[in-house]
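One structure is given below, encoded as structure tokens.
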Amino acid sequence: MQNHEEINHLEAIVQTILDTAKKQGATAAEAGLNVENGLSITARLGEAETIEHHRDQGLGVTVYFGQCKGSASSTDLSEDSIIETVSAACSFARFTSEDVYAGLPSQELLATQFPALDLYHPWSFDVDQGIALAIECEQAARDFHPDISNSEGATVSSHQGIRVLGNSLGFLHSMNSTRHSISCSVLARRGESMQRDYWYSVDRNAGKLESAKAIGEKAASRTLQRLQARSLTPRHCPVLFAAEVASGLIGSLIGAISGGNLYRKSSFLLDALDTRIFPDFVHIHEQPHLPGALGSAAYDGEGVATRARDIVVEGVLQSYILSTYSARKLGMQSTGNAGGVHNLTLDSGTNDWQALLKQMDTGLLITELMGQGVNMVTGDYSRGAAGFWVEQGEIQYPVEEITIAGNLKAMFKSIVAVGNDVDYRGNIRTGSILIERMAIAGE
Amino acid sequence: MDIIKQAKQSILASTALSDHDIDRIMSSLLSVPVDAADIYFQSSHFESWVMEGGLIKEGNHGIERGAGVRAVVGDKTGFAYSDRIELPVLLEAADNVKAIIRQGQNTRTALTHSNRWPQYYSSVNPLKSLADRQKVELLHKIDRETRQLDSRVEEVIISLTGVHDSILVANQDGALAADIRPLVRLNVSVIVAADGRRERGSMGGGGRCDYQCFLDQDLALDYGREAVRQALVNLEAVDAPAGNMTVVLGPGWPGILLHEAIGHGLEGDFNRKGTSAFSGRVGERVASELCTVVDDGTLPGRRGSLSIDDEGTPTEQTVLIENGVLKGYMQDKLNARLMGVEPTGNGRRESYAHLPMPRMTNTYMLSGHHEPEEIIKSVKKGLYAKNFGGGQVDITSGKFVFSACEAYLIEDGELTRPVKGATLIGNGPDVLTRVSMVGNDLALDGGVGTCGKDGQSVPVGVGQPTLKIDGLTVGGTGV
């Protein structure tokens, strides 16, 4: 599907949408279109369980009549549907209010350079090969230890897609990308204790995925480690967020400094620009042009050029995370973050994982968080957790059915160290994070 | 016009697909020996309106249309879907789906239309139940009146959404079933500020009805009043205590505890595979004898209700726990067949692009005999949780968690100070065994629940009377 002919065809559809909007009287318009194909195969207990063929397509259009805005979307790319969808958007624009901040991005912020980002690596496997790989992954997990008692299966999944974005300022570009993953989830039982855990690997390039066997073994080993977990009595202690859950802490930072929450005054970091919100060793920056990375993009969801930039330097907040609209509401300029961040990176310290455990000495290592107990307005944080109790730098036993609580403002300031065990599987890149002290509740 | 004709009209009228074509696709699926096969057609229209800062900010309209083709043999499933409802595309999908099955031959019967199941909501198109101008006026009115309630209200955000969803399911025994499902929701959230503190409050509701329900008895304005009240309570809230204590759950939405702690663990797929903490426990006592819990898709007009599920099975009231004893699981066709039981009308899917699986509809506990005041009075020291945000469960270990957005300390049988940020955590198979009092005030939630499983979201309802649980872990900062 990724040939020039198809791309030209899809770009022509976007142009048609923009032209149709103009014909219907819109003073400005933006249109996006995406087409995605995929295959997901799950094996369970040594046999294929599901084979899913995906094919998704959709178009979205936003029109402006002066400062009034309307939008519409459809999964039907036919000519009739395009006209119908644009009409629906135009009709909504008659009822929305005039908003002086509404509109397309400033022309000069639109991307004009399109670096090769190495995001497109098709993975051609047929159904039989996919089944074999999924079985290999799951088998590695089931063979790992006799206590591995059951399985939710292993899944091999491959997706490729094209996204086209255009607006009436003359911006019209498309982006090809692929995304492949292998995941595995198994159960272990010992006595009355039954636990489940998983592991996965994801990459733009299938050649860079962890091996099916390694993923299966890691899933099994993580599951086994959780057996016979206990709760803890209430206490205060240091908490080490393992890399795979530490990204959630940085996710809360992103929420708090996102334009939408700031102009709505729904953030615990209002007016925090140029103030110290972390200890001085903390450096957080965005790297949108990293080749092959999951969060890479030359432009954001509105066509605004992305650029490498600092968010936090020496613990001081340098910049918010803004779209065109939220930037205008705050009297600022878009930071190229309509639709989110691009490879937001918390620079690591020199300590590896073991060294961080030693540094913590006695405390709680968290490997799983549950529930939604984060209040973005106040920063109050209280979530269910599972992990391990650590004494003198050594893991003692698994824990579950506990909560950890604090306030994000104070938690950010009391970060003691950041590990170099970076998790590259998402849009937020961080190693594990050690926090000086939190409240634990249990039993 | 009967429901099948209506559904065909809204899904297939704009395509060239005929009954004969559906037969051909099904015949292709059945050219290999399958235990079950279905073709699911869907056409969904939705709209959303957002008001913020006193302005109508967003107006969005969307159409999703497509078909999913599935074949099942044993516990193996092949699935393909497309947003193009065209014969060649769907025949190719059927070919892809058959890759799960390797040989053999099957016979089949022609399509029959069955139309004999009760309807629990009207097939009204909610998007057209008010003129756009009236929708806008409604939002302005809520905004104006909510801001006037209290000078500490800083921001009001209102969203109004409506969905008109038509589905048509053809399955391997030739049956054709259809459903037309309206769904509306209105939500008001506010930010209040005083003395350097800010808090938010949120209230909403809806169901399988049209927008008129928000105008009846000024329901829409009640949402605004409730959101403001909740936010102002939280302005006064102190840090939540931490530790194990008696917890009283209020009626209605706190039933999310049942949904998370019990409901998910009783879904057929987890139990067929033996991955749930409740696996193999039918007939055992899993709750105090005060507890009877049902899943009921047949409640008229409720957000979680369905006339038929997404496999064409009529919904029912399924007793999950009766007087404390586990009675059965919620089933879709695949898991029912493999477990040798009847489907319960719980086979649901987010859309044509997703595979069906056992999901809840409206899950609630029946009333007991105690007055709610009596229950609170019986607690010397504990927590009263009146309203909740979201929750989550690990169905294997049974551990669940959910966050209170309005809670109070109970001291000597009285509600005293409001507390903030209280998270409750517990063990699903244990928690109902510790229920020591059940109120006579069963209430269902206002119609706000959305349940996620395997990346698929579906609307659900929850409910319960006031409940007293002896010993649940509360995770606050006040250690």
Side-chain angles (χ1 to χ4, degrees), chain A residues 47-58 69-76 81 85 88-89 91-93 95-97 99 127 150 152 187 194-196 231 234-236 264-266 370-373 375 377-378 380-384 386 400-406 439-443, chain B residues 52 55-66 75-83 93 96 99-100 132-133 136 154-155 157 191 198-200 240 242-244 273-275 277 353 355 389-392 394 396-397 399 401-403 420-423 425-427 473-477 479:
Chain A
E47 292 184 61
E49 183 179 53
T50 59
I51 300 173
E52 298 185 53
H53 296 264
H54 305 269
R55 184 188 157 82
D56 294 288
Q57 60 180 30
K69 173 183 161 185
S71 56
S73 63
S74 174
T75 54
D76 184 347
S81 157
T85 305
S91 142
F92 273 80
F95 293 100
T96 53
S97 313
D99 185 346
V127 166
N150 201 342
E152 291 196 325
L187 283 77
M194 185 158 80
Q195 293 287 351
R196 176 185 53 155
S231 186
R235 66 191 70 187
H236 284 99
R264 292 184 186 103
K265 298 197 161 89
S266 322
M370 289 177 80
Q372 293 95 37
N375 184 332
V377 180
T378 59
D380 288 331
Y381 184 100
S382 172
R383 301 187 68 187
E400 65 180 1
E401 210 177 336
I402 56 166
T403 62
I404 56 171
I440 316 298
E443 292 188 317
Chain B
E52 180 186 311
L55 302 177
I56 304 286
K57 268 242 176 104
E58 307 270 348
N60 185 23
H61 180 267
I63 299 174
E64 280 180 18
R65 186 180 292 139
D75 59 356
K76 298 178 173 46
T77 302
F79 176 57
Y81 63 87
S82 172
D83 18 37
N96 282 331
I100 195 98
D132 288 342
R133 194 182 326 99
V136 168
E154 279 215 330
E155 178 61 293
I157 301 171
I191 302 269
R198 331 179 70 76
E199 275 292 352
R200 77 184 153 184
N244 197 282
K273 295 175 183 177
T275 59
L355 275 171
Q392 192 183 338
D394 176 332
T396 300
S397 69
K399 301 300 176 264
V401 60
F402 48 113
S403 312
K420 61 178 181 176
T423 296
I425 187 159
N427 183 31
T473 299
V474 178
T477 45
V479 176

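Heavy-atom basis, side chains included; hydrogens, waters and symmetry copies ignored. Values in this document were obtained by computation on a predicted structure and should not be read as measured data.
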When the ring centroid of B:Y81 is compared with that of A:H53, is the distance short of 6.0 Å?
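No, ring centres 6.0 Å or more apart.
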
With a 4.5 angstrom heavy-atom cut-off, which part of [X] approaches chain A: side chain, backbone, both or neither?
| X | result |
| --- | --- |
| B:A93 | neither |
| B:E199 | both |
| B:T77 | both |
| B:T423 | both |

Lys/Arg N to Asp/Glu carboxylate O, B:E52 vs A:R264, below 4.0 Å
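Salt bridge between B:E52 and A:R264, a charged N being under 4.0 Å from a carboxylate O: yes.
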
For each of [options], tally heavy-atom pairs with chain B at distances under 4.5 Å, and name the one with the top tally.
| options | answer |
| --- | --- |
| A:T403, A:T85, A:T378 | A:T403 |
| A:E401, A:Q372, A:K265, A:E52 | A:E401 |
| A:H54, A:M370, A:E152 | A:M370 |
| A:A89, A:S382, A:A48 | A:S382 |
| A:R383, A:E400, A:K69 | A:E400 |

Could you pull out the closest heavy-atom pair between [X] and [Y], with the gap in Å?
| X | Y | value |
| --- | --- | --- |
| B:G243 | A:A441 | N-CB, 3.9 Å |
| A:T75 | B:R65 | OG1-N, 2.9 Å |
| A:E47 | B:K76 | OE1-NZ, 2.5 Å |
| A:E443 | B:T473 | N-OG1, 3.7 Å |
| B:K57 | A:D99 | CE-OD2, 3.2 Å |
| A:E49 | B:D75 | CG-O, 3.5 Å |

Could you tell me whether the side chain of [X] and the main chain of [Y] form a donor-acceptor pair under 3.5 Å?
| X | Y | value |
| --- | --- | --- |
| B:E58 | A:G70 | no |
| A:R196 | B:T275 | no |
| A:N150 | B:K273 | yes |

Taking the side chain as C-beta and beyond, is there a heavy-atom pair between B:D132 and A:S91 under 4.5 Å?
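In contact.
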
Heavy-atom contact with chain B under 4.5 Å, split by part of [X]:
| X | answer |
| --- | --- |
| A:I402 | backbone |
| A:Q195 | both |
| A:D76 | side chain |
| A:S231 | neither |

Looking at B:I56, B:V136, B:L55, which one forms a side-chain contact (heavy atoms from CB on, under 4.5 Å) with A:T96?
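Testing A:T96 for a side-chain contact (heavy atoms from CB on, under 4.5 Å) against B:I56, B:V136, B:L55 leaves exactly one candidate, B:I56.
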
With respect to chain A, which residue among B:L355, B:V474, B:I157 yields the maximal number of heavy-atom pairs within a distance under 4.5 Å?
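The answer is B:L355.
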
Could you tell me which of B:S82, B:A277, B:G389, B:S403 has the largest number of non-hydrogen atom pairs under 4.5 Å with chain A?
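Maximum pair count with chain A is reached by B:S403.
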
How long is the gap from OG on A:S71 to NE2 on B:H61, to the nearest 0.5 Å?
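With rounding to 0.5 Å, OG (A:S71) is 11.0 Å from NE2 (B:H61).
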
